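The structure appears below as structure tokens.
All of these numbers come straight from a predicted model, not from anything done at the bench.
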Amino acid sequence: MTDSTASAAARRWLADFGAALQAGDIDATLALFSEDSYWRDLVSFTWNIRTQEGKAAMREMLQARLADTAPSNFQLEGEDSEADGITDAWFIFETKVARGRGHLRLKDGKAWTLLTTMVELKGFEEKKGTQRIKGAEHGVHPGRKSWLERREDEQQRLGYEEQPYVLIVGGGQGGIILAARLRRLGVPTIVVEKNEKPGDSWRKRYKSLCLHDPVWYDHLPYMPFPDDWPVFAPKDKVGDWLEMYAKVMELNYWGSTVAKKATFNEATGEWEVLVNRAGQDVTLRPKQLVFALGVSGYANVPKLPGAESFEGEQHHSSRHPGPESYAGKKVVVLGSNNSAHDICAAMVEQGVDVTMVQRSSTHIAPSDSLMELALGGLYSEQAVQNGIDHHKADLIFASVPYQIMHSFHIPVYEAMKVRDADLYGRLEKAGFMLDFGDDGSGLFMKYLRRGSGYYIDVGASELVANGQIKLKSRTTIERINPRSVTLTDGTELPADLIVYATGFGSMNQFLADLVSPEVAARVGKVWGLGSGTTKDPGPWEGELRNMWKPTQQPQLWIHGGNLHQSRHYSQFLSLQLKARYEGLETPVYGQAPVHHLR
């Protein structure tokens with residue numbers, strides 16, 4: 001099939017789809033889908049992030065939402081293509097209140113996957129392009145204030161004389177990115193962050209830390225990294241970029257501010273949030289409260305017998321300062337995922353005697369292989385040259401429903417097993433326990449399902465394989481002695497430092513402390529798909545739990561993820577918040593029930 005033939009098929013399908021929807025004919029609409037089909041909607045039809053799996057689920061959604069959504073003007077966007085019997089097509093469309101963009105996969109003339117996303121709200125578009133503001137006020141205006149004076153007035157009033165509509169707790173990458181989108185949409189927003197400056201959450205990590213994801217995957221909205229930016233950005237460059245970004249985007253960013261207590265006032269329909277800003281208590285009253293505290297909760301530090309008697313130093317990996325002060329000492333690192341490998345490798349560089357204690361198996365994805373086999377088609381210099389920038393890549397990525405995403409990934413990791421067979425063989429010979437996920441789907445599915453259990457290999461695996469990083473596997477620390485640790489296999493390891501690279505809990509731990517245990521229970525577990533795989537208990541949910549969409553606690557939202565997710569999904573969270581700010585009706589369809597509390 002030629003590209004023009006593929007486009008003709010897609011154009012025909014899209015015309016039939018639009019006509020059926022406009023006629024309110026749900027039977028005719030569903031007749032355009034294959035029996036095994038999926039419709040993923042990001043806000044445009046459902047005011048939710050939700051995948052309709054199969055025709056029965058689509059029927060229920062359309063019965064509830066079609067009349068109110070009033071979709072129209074479906075138009076093919078660009079030339080489409082066909083490969084392996086699948087036609088890929090892009091399109092734009094409108095609803096009663098918004099404009100959208102979508103993606104379609106046709107198989108045997110019928111829809112296999114459909115993605116619909118909200119792009120902008122009609123009448124509330126960002127002031128960009130031909131709609132941008134002038135900035136200068138030409139003519140004579142007695143008593144006029146400069147841009148700087150107006151900006152300073154805003155900073156002095158907001159949070160005191162005037163209240164923000166949105167309060168974002170957490171000023172790392174997620175909070176900054178969401179605040180930038182809300183700023184562009186004209187939604188009064190304050191970000192509170194315990195660190196002094198934007199980017200400090202990166203600067204304060206161990207000095208060898210770099211992004212393990214490539215630059216094409218990590219751009220911030222509106223302002224991509226320069227074209228000479230490192231493929232894997234060092235932490236201090238990331239920190240400086242975030243600080244610059246927050247300033248240039250004119251965010252209302254309250255550094256050195258700790259959120260102490262939040263209560264939802266049912267009578268007024270607003271939050272009351274007590275924060276301490278540089279030593280002064282301030283009560284903020286936002287309508288919407290967003291937690292943007294990463295992808296996890298508090299550090300998991302195991303309670304081990306004898307820990308209080310240890311005469312050396314012990315800390316969680318999140319507090320690790322780096323290897324410089326440990327030359328000539330014995331170090332034990334408990335854990336075998338990203339942080340553990342990074343810390344052990346940095347120790348080896350400083351000549352430190354370090355042992356990794358591996359409790360359970362870990363997925364290893366060599367960085368070069370990951371780039372070439374998994375990410376290269378969407379996020380690489382070659383992808384950009386092929387016309388796939390990060391905006392288009394994000395939509396392609398989002399167009400694959402989670403129910404079938406693992407089937408896209410399994411062949412990638414089968415190829416990786418072959419490509420990196422020598423490394424994997426030497427790791428196993430050294431005693432390292434390897435896995436590729438419960439179903440062989442590798443790194444990203446592990447990340448989505450449990451947020452742990454992997455290492456993107458940027459060099460440490462070779463050190464494990466050749467013995468420079470000592471390894472004790474299939475065991476853990478049984479007890480801690482004054483100058484050593486005893487493992488469950490009876491081995492005693494001398495230790496001057498113990499690093500707990502033992503991960504983090506669920507994000508709703510923060511809700512329990514800052515709001516209440518009752519609200520945390522109402523919201524439930526954050527992250528995971530309900531896949532029934534290790535550390536991701538069922539039932540199946542079809543989307544990441546509680547992320548970027550309405551939760552069971554009114555006016556409370558969770559935002560986070562890696563840079564790619566923060567960039568992409570902040571678009572949909574910001575539009576949900578903007579719609580509520582402007583008083584639009586936002587009937588949420590298919591809100592997920594709570595099955596797990598932590």
Measuring from atom CH2 of Trp90 to atom CG of Leu115, what distance do you get when rounded to the nearest 0.5 angstrom?
7.5 Å
Non-hydrogen side-chain atoms of Arg479 and Leu304 separated by less than 4.5 Å:
no
Do Thr116 and Arg101 make a side-chain contact, defined as non-hydrogen atoms from C-beta onward lying under 4.5 Å apart?
no
May I ask you to say whether Arg205 pairs ionically with Asp236, meaning some side-chain N is under 4.0 Å from a carboxylate O?
no
Mind checking what makes salt bridge (charged side-chain N to carboxylate O under 4.0 Å, His left out) contact with Arg522, not counting sequence neighbours?
none
Are Lys110 and Glu35 ion-paired here, with the side-chain N under 4.0 Å from a carboxylate O?
no
Does atom NZ of Lys194 have more than 12 heavy-atom neighbours, drawn from other residues, nucleotides or ligands, at distances under 6.0 Å?
no
Heavy-atom closest contact (Gln591 atom, Pro550 atom, distance):
NE2-O, 3.4 Å
Taking side chain as C-beta onward, heavy atoms only, is Leu423 less than 4.5 Å from Ser461?
yes
CE on Met371 to CG on Leu373, rounded to 0.5 Å:
11.0 Å
With a 3.5 Å cut-off and no angle check, do the side chains of Asp342 and Ser339 form a donor-acceptor pair?
no
Between Ser452 and Asn337, do the side chains contain a donor N or O and an acceptor N or O under 3.5 Å apart?
no
To the nearest 0.5 angstrom, please state how far the CG atom of Leu514 sits from the CD atom of Gln509.
13.5 Å
Taking the six-membered ring for Trp, are Trp527 and Phe504 closer than 6.0 Å centroid to centroid?
no
Decide if the gap between the ring center of Trp548 and the ring center of Tyr569 is smaller than 6.0 angstrom.
yes
Gap between atom CD1 of Ile456 and atom CG of Asp213 - 0.5 Å precision:
5.0 Å
Would you say the rings of Phe432 and His341 are close, in the sense that their centroids are separated by under 6.0 Å?
yes
Partner of Arg40 by side chain to side chain donor-acceptor pair (under 3.5 Å), out of His103, Glu543, Gln403:
Glu543
Quick one: do the Asp41 and Thr46 side chains pair a donor with an acceptor below 3.5 Å?
yes
Do Thr488 and Thr475 meet the criterion of a side-chain donor-acceptor pair at a distance under 3.5 Å?
yes
Can a side-chain donor-acceptor contact be found between Gln350 and Tyr326 if the only test is distance below 3.5 angstrom?
no
May I ask you to decide if the ring planes of His409 and Phe444 are parallel, tilted or perpendicular, using 30° and 60° as cut-offs?
parallel
Side chains of Arg359 and Thr476: donor-acceptor distance under 3.5 Å anywhere?
no
Hey, is Arg449 close enough to Asp438 for a salt bridge, meaning N to O under 4.0 Å?
no
May I ask you to check whether Gln173 and Ser566 show a side-chain donor-acceptor distance below 3.5 Å?
no
Please determine whether a side-chain nitrogen of the Lys or Arg among Asp353 and Lys330 lies less than 4.0 Å from a carboxylate oxygen of the Asp or Glu.
yes
Examine distances only and state if a side-chain atom of Glu82 and a backbone atom of Thr87 form a donor-acceptor pair shorter than 3.5 Å.
no
Which heavy-atom pair separates Ile558 from Asn546 by the least distance, and what is that distance?
CB-O, 3.4 Å
Do His390 and Val384 have side chains that approach each other closer than 4.5 Å (heavy atoms only, starting at C-beta)?
no
Shortest non-hydrogen contact from Ala340 toward Ala501:
CB-CB, 3.7 Å
Do Phe572 and His568 have ring centroids that are under 6.0 Å from one another?
yes
May I ask you to decide whether Arg203 forms a salt bridge with Asp240, counting only side-chain N to carboxylate O separations under 4.0 Å?
yes
Looking at Arg474 and Asp489, is any side-chain nitrogen of the basic one under 4.0 Å from a carboxylate oxygen of the acidic one?
no
Minimum heavy-atom separation for Gln358 to Gly431, with atom names?
OE1-O, 4.2 Å
Between Asn195 and Ser201: side-chain donor-acceptor atoms closer than 3.5 Å:
no
Once you measure the plane-to-plane angle for Phe408 and Trp112, does it fall in the parallel (<30°), tilted (30-60°) or perpendicular (>60°) bin?
parallel
Considering only NZ, NE, NH1 and NH2 on the basic side and carboxylate oxygens on the acidic side, decide whether Arg319 and Glu313 come within less than 4.0 Å.
no
Using a strict 4.0 Å threshold on nitrogen-to-oxygen distance, state whether Glu372 and Arg419 make a salt bridge.
yes
Check for me whether the distance between the ring centres of Tyr424 and Phe436 falls short of 6.0 Å.
yes
Would you say the side-chain atoms of Tyr455 pair up with the backbone N or O of Val458, donor to acceptor, closer than 3.5 Å?
yes
Just checking, is any N or O donor in the side chain of Ser34 or Asp36 under 3.5 Å from an acceptor N or O on the other one?
no
Should the heavy atoms of other residues, nucleotides or ligands under 6.0 Å from CG of Asp108 be counted, would the total exceed 12?
no
Determine, using ring centers only, whether Phe225 and Trp241 are less than 6.0 Å apart.
yes
Mind checking whether Pro539 and His595 have side chains closer than 4.5 Å, heavy atoms only?
yes
Salt bridge between Arg567 and Asp218, side-chain N to carboxylate O under 4.0 Å?
no
State, without any angle test, whether Tyr298 and Asp513 hold a side-chain donor-acceptor pair at a distance under 3.5 Å.
yes
Please work out whether the ring planes of Trp39 and Phe33 are parallel, tilted or perpendicular, with thresholds of 30° and 60°.
parallel
Pair Lys525 + Asp536: basic N to acidic O under 4.0 Å:
no
Between Tyr379 and Asp394, do the side chains contain an N or O donor and an N or O acceptor separated by less than 3.5 Å?
yes
Atom of Gly542, atom of Glu53 and distance for their closest heavy-atom approach:
CA-OE2, 4.0 Å
More than 12 foreign heavy atoms under 6.0 Å from NZ of Lys535: is that the case here?
no
Check whether Trp557 forms a cation-pi arrangement with Lys549 (NZ or CZ under 6.0 Å from the six-membered ring centre, at most 45° off the ring normal).
no
Val354 side chain reached by Lys470 side chain, heavy atoms, under 4.5 Å:
no
At what distance, to the nearest 0.5 angstrom, does CG of Asp496 lie from OG of Ser484?
10.5 Å
Quick check: do Ile404 and Thr113 have side-chain heavy atoms less than 4.5 Å from each other?
yes
Take Arg426 and Glu462, measure what side chain to side chain contact (heavy atoms under 4.5 Å, CB included) needs, and give me the verdict at the end.
CA-CA 9 Å; Arg426 289 186 296 113; Glu462 182 60 39; 2.8 Å; yes
Student check: side-chain heavy atoms of Leu370 and Met416 closer than 4.5 Å:
yes
The test is side chain to side chain contact (heavy atoms under 4.5 Å, CB included); show your working for Thr355 and Val331 and say whether it passes.
CA-CA 6 Å; Thr355 301; Val331 176; over 6 Å; no
Exam field: side chain Asp200 to backbone Lys197, donor-acceptor pair closer than 3.5 Å:
yes
Can you see whether Thr486 engages Asn481 through a side-chain donor-acceptor pair at a distance of less than 3.5 angstrom?
yes
Compare every heavy atom of Ile469 with every heavy atom of Ala345, then report the nearest pair and how far apart it is.
N-CD1, 3.9 Å
